[in-house]
Amino acid sequence: MVTPSSEKTRSILVLGIGNILWADEGFGVRVVEAFHRRYIVPQNVSVLDGGTLGLYLISFLQKADRLIVFDAIDYGLPPGRLKLVQGSEVPKFTAAKKLSLHQTGFQEVLSAVDLLGHCPRELALIGCQPLDLETWGGPLTPPVRTQIAPSIDLACELLAQWGSPAKKRTAPLPETERLLANDIDHESYEIKTRSV
């Protein structure tokens with residue numbers, strides 16, 4: 001049996017993947033960015049903007065015992081619908097209907113990490129059904145944007161179940177600690193795309 005203290009030492013990776021330049025395809029990145037801005041996590045939890053890194057994510061996943069992934073996934077549901085998939089079902093959905101090159105890459109990452117003998121023992125995919133993946137430089141669509149907070153809530157529930165609860169920040173995240181900078185953070189990017 002796993003004791004609470006050993007649970008806390010398990011390495012957890014909270015990962016957002018996607019491409020912010022293709023409208024709703026940026027969902028995963030925007031969720032992990034908002035999560036990092038709003039919450040502090042224990043030392044055994046890492047938060048990463050995986051963007052479109054693909055196979056470069058292997059080393060990060062090899063170090064993780066548990067993994068939470070945020071992504072835009074075509075589940076065939078109404079736009080903006082969230083779906084949590086866990087365990088062995090996760091790879092099926094990352095390859096179900098490839099929306100972009102990064103998804104092919106992420107399925108390959110999971111396979112490669114498994115072949116190398118250290119796949120996270122617990123996987124959770126928090127996916128949102130996209131509406132628009134065609135608009136170059138476009139922001140998240142309203143039905144997808146409204147799912148950022150519920151996705152974060154789901155991740156917080158998982159972290160609490162895994163013995164590593166996130167705590168709300170009491171002070172704003174310093175600019176030097178943001179996941180995205182150079183005006184590609186969500187707020188700055190949305191202002192730019194509205195003014196174009």
Side-chain angles (χ1 to χ4, degrees), residues 11-73 82 84 94 99-103 105-106 109-110 113 120 123-128 130 133 136-141 144-160 162 164-194:
S11 174
I12 300 172
L13 177 61
V14 179
L15 174 68
I17 55 177
N19 188 336
I20 62 169
L21 299 178
W22 289 106
D24 291 339
E25 170 66 7
F27 173 76
V29 172
R30 295 312 185 193
V31 177
V32 81
E33 174 191 13
F35 173 79
H36 180 62
R37 193 173 60 248
R38 297 174 193 173
Y39 286 90
I40 296 170
V41 293
Q43 285 191 322
N44 66 310
V45 180
S46 300
V47 180
L48 177 66
D49 161 20
T52 57
L53 291 176
L55 293 172
Y56 289 103
L57 292 170
I58 289 173
S59 62
F60 295 100
L61 268 68
Q62 282 185 295
K63 297 172 191 167
D65 297 306
R66 291 171 165 153
L67 173 67
I68 297 172
V69 182
F70 300 112
D71 196 8
I73 301 286
L82 274 186
L84 170 64
T94 59
L99 302 178
S100 69
L101 292 176
H102 90 263
Q103 279 193 327
F106 192 66
V109 169
L110 289 176
V113 172
L123 303 172
L125 170 65
I126 300 171
C128 183
L133 300 168
W136 172 255
L140 296 180
T141 60
V144 171
R145 188 181 312 116
T146 60
Q147 294 306 320
I148 291 176
S151 297
I152 292 171
D153 291 343
L154 274 174
C156 287
E157 287 175 27
L158 286 166
L159 289 171
W162 292 345
S164 297
K167 294 180 182 170
K168 282 203 172 188
R169 291 186 184 275
T170 55
L173 178 72
E175 282 195 29
T176 55
E177 294 180 28
R178 293 184 303 174
L179 291 182
L180 290 115
N182 301 321
D183 294 333
I184 60 169
D185 64 287
H186 196 193
E187 188 175 311
S188 301
Y189 189 79
E190 294 273 320
I191 289 168
K192 281 184 168 183
T193 55
R194 282 194 295 265

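Arg66 places no side-chain N or O within donor-acceptor distance of the main-chain N or O of Ile12, the cut-off being under 3.5 Å. The main-chain N or O of His36 is found under 3.5 Å from a side-chain atom of Arg169 such that the two form a donor-acceptor pair. Under the 3.5 Å distance criterion, the side-chain polar atoms of Asp71 are left unmatched by any main-chain donor or acceptor of Ile73.
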Test side chain to side chain contact (heavy atoms under 4.5 Å, CB included) on Arg38 and Ile152; report intermediate values, then the result. CA-CA 9 Å; Arg38 297 174 193 173; Ile152 292 171; 3.5 Å; yes
Kindly determine whether Thr141 and Asp24 satisfy side-chain hydrogen bond (donor to acceptor under 3.5 Å, both in side chains), including the steps that lead there. CA-CA 6 Å; Thr141 60; Asp24 291 339; 2.8 Å; yes
Given Val41 and Phe35, is the side chain to side chain contact (heavy atoms under 4.5 Å, CB included) satisfied, shown in steps? CA-CA 10 Å; Val41 293; Phe35 173 79; 3.7 Å; yes
Steps toward side chain to side chain contact (heavy atoms under 4.5 Å, CB included) verdict (Phe70, Ile17): CA-CA 6 Å; Phe70 300 112; Ile17 55 177; over 6 Å; no
With side chain to side chain contact (heavy atoms under 4.5 Å, CB included) as the test, would you mind laying out the steps for Val69 and Val14 before giving the verdict? CA-CA 6 Å; Val69 182; Val14 179; over 6 Å; no
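For the residue pair Asn44/Ser11, the side-chain donor-acceptor check at 3.5 Å is not satisfied.
Contact record, Val32 with Leu15: CG2-C, 4.2 Å, taken as the closest heavy-atom pair. Among all heavy-atom pairs drawn from Leu82 and Cys128, the shortest one is CD2-CB, 3.8 Å. Heavy atoms only, all atoms of each residue included: Tyr39 and Ala166 are closest at CD2-CB, 3.7 Å. A pairwise comparison of heavy atoms in Leu133 and Glu25 identifies CD2-N, 3.4 Å as the closest pair. The two residues Leu84 and Ala124 have their closest heavy-atom pair at CD1-CB, 4.2 Å. Here the shortest heavy-atom pairing between Arg37 and Leu173 reads CA-CD2, 3.9 Å.
From Leu158, atom CG reaches atom OG of Ser164 across 11.5 Å, with rounding to the nearest 0.5 Å. With values rounded to the nearest 0.5 angstrom, Leu53 atom CG is found 7.0 Å from Leu48 atom CG. To the nearest 0.5 Å, atom CG of residue Asp153 and atom CD1 of residue Ile148 are 12.0 Å apart. Put simply, CZ on Phe27 and CD on Gln147 are 7.0 Å apart, with the number rounded to the nearest 0.5 Å. Annotation: the span from Ile68 atom CD1 to Trp162 atom CH2 amounts to 4.5 Å, rounded to 0.5 Å. Separating the CD atom in Glu157 from the CD1 atom in Ile126 is a distance of 9.0 Å, to the nearest 0.5 Å.
Residues Pro120 and Leu123 form a side-chain contact, since some pair of their non-hydrogen atoms from C-beta on lies under 4.5 Å apart.
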